[in-house]
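Worksheet for the structure shown next.
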Amino acid sequence: MWNDDDDELDSDYDPEKERRRMEALPIFQKAEEIRELTRRIIDSIDDEEVKMIHSNIMLEDSIIIPAKIAGAEAMEDFIMKMENATIIKIHARSLLTQTASLIFEEVLPEEYLRLLRKEIEAFRLLFREWIKTFHKFPKEGDGWGLFVEDDE
């Protein structure tokens, strides 16, 4: 973990231990399941034009989610955690939008897309619990007035 006072890694930081801790988090595990399911769904699209349109967006969304969870977990700053959480929410909602579009285009069996939507809903519930853990950290403001009302 980074030491906020001098921008250096703490001397007792163990990257392997941190990786195992991250991989044990239910929200991270669900994000990885969504990433893998998204990849499999994209691989199932036969229409090359549709695949080209949706694959980059969906794969990017599904990769950013676990990366931002790891980023939020690696720091203690409340504002930075909330910024990562906001990005996660945006990408999860983008995945939902893409599934709706694919359902409309009827290029895949609808049950594949409904399964992904179900997993995103399960993720959302884990997300709501996960962000509650952020409130134990000090709220110092970000200079932009986000997340803290009295930010000057």
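Note that the structure is predicted; figures quoted are calculated from it, not measured.
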Seminar exercise, completed: Closest heavy-atom pair, Phe134 versus Phe78, reported as atoms and distance to 0.1 Å, is O-CD1, 3.4 Å
Problem set entry | Gap separating the OG atom of Ser62 from the CD atom of Glu33, nearest 0.5 angstrom | 13.0 Å
For this session: Kindly give the heavy-atom pair with the smallest separation between Lys89 and Phe127, and that separation in Å.
Result: CB-CZ, 4.4 Å
Exercise. What residues form a salt bridge (charged side-chain N to carboxylate O under 4.0 Å, His left out) with Arg40, not counting sequence neighbours?
Worked result: Glu36
Problem set entry | CG-CD1 distance between Leu108 and Ile41, expressed to the nearest 0.5 angstrom | 7.0 Å
Exercise. Do you reckon Leu113 sits in the same ILVMFWY cluster as Ile53, going by side-chain contacts under 4.5 Å, direct or chained?
Worked result: no
Exercise. Roughly how far, to the nearest 0.5 Å, is NE2 of His91 from CG of Leu95?
Worked result: 9.5 Å
For this session: Determine the minimum heavy-atom distance between Leu126 and Pro26, stating which atoms define it.
Result: CD1-O, 3.7 Å
For this session: Evaluate the side-chain proximity of Arg128 to Phe123: yes if any heavy-atom separation is below 4.5 Å, no if none is.
Result: no
Problem set entry | Set of side-chain hydrogen bond (donor to acceptor under 3.5 Å, both in side chains) partners for Asp43, sequence neighbours left out | Arg39
Exercise. Should side-chain heavy atoms under 4.5 Å link Ile, Leu, Val, Met, Phe, Trp and Tyr, which residues sit in the same cluster as Ile87?
Worked result: Ile64
Exercise. Is Leu125 reachable from Leu25 through a run of hydrophobic residues whose side-chain heavy atoms are each under 4.5 Å from the next?
Worked result: no
For this session: Taking all heavy atoms of Ile69 and all of Ala31, pick out the closest pair and write down the distance.
Result: CD1-CB, 3.7 Å
Exercise. Should we count CD of Glu106 as having more than 12 external heavy atoms under 6.0 Å?
Worked result: no
Seminar exercise, completed: Shortest non-hydrogen pair, Glu23 vs Phe28, comes out as CA-CD2, 3.8 Å
Exercise. For Gly71 and Asn84, which heavy atoms make the closest approach, and how far apart are they?
Worked result: C-ND2, 3.9 Å
Exercise. Which pairs with one or both residues in residues 112-124 pass side chain to side chain donor-acceptor pair (under 3.5 Å), sequence neighbours excluded?
Worked result: Lys30-Glu119, Thr99-Arg117, Glu110-Arg114, Glu121-Arg124
For this session: Check Ile120, Ile63, Ile65, Leu116 against Thr38 for a side chain to side chain contact (heavy atoms under 4.5 Å, CB included) and give me the one that passes.
Result: Leu116
Exercise. Other than Ile90, what residues sit in its cluster of Ile, Leu, Val, Met, Phe, Trp and Tyr side chains whose heavy atoms are under 4.5 Å apart, directly or through others?
Worked result: none
Exercise. Can you name the residues that form a side-chain contact (heavy atoms from CB on, under 4.5 Å) with Glu16, not counting sequence neighbours?
Worked result: Asp14, Arg19, Arg20
For this session: Mind checking side-chain contact (heavy atoms from CB on, under 4.5 Å) for Glu48 and listing every partner two or more places apart, or none if nothing turns up?
Result: Lys51
Exercise. Quick one: do Arg21 and Glu73 make a salt bridge, cutoff under 4.0 Å?
Worked result: yes
Exercise. In terms of hydrophobic clusters joined by side-chain contacts under 4.5 Å, are Ile45 and Leu37 together?
Worked result: yes
Exercise. What pairs with Ser94 under side-chain hydrogen bond (donor to acceptor under 3.5 Å, both in side chains), at least two apart in sequence or on another chain?
Worked result: Asp61
Exercise. Taking only residues two or more places apart in sequence or in another chain, which ones pass side-chain hydrogen bond (donor to acceptor under 3.5 Å, both in side chains) with Glu129?
Worked result: Lys132
Seminar exercise, completed: Sorted by chain and residue number, the side-chain hydrogen bond (donor to acceptor under 3.5 Å, both in side chains) partners of His54 (sequence neighbours excluded) come out as Gln98, Glu105
Problem set entry | N/O donor-acceptor pair under 3.5 Å between Lys81 side chain and Glu76 backbone | no
Exercise. Is it the case that one hydrophobic cluster holds both Val50 and Ile42, taking links as side-chain heavy atoms less than 4.5 Å apart, direct or via other members?
Worked result: yes
Exercise. Going only through I, L, V, M, F, W and Y residues with side-chain contacts under 4.5 Å, is there a path from Ile88 to Ile57?
Worked result: no
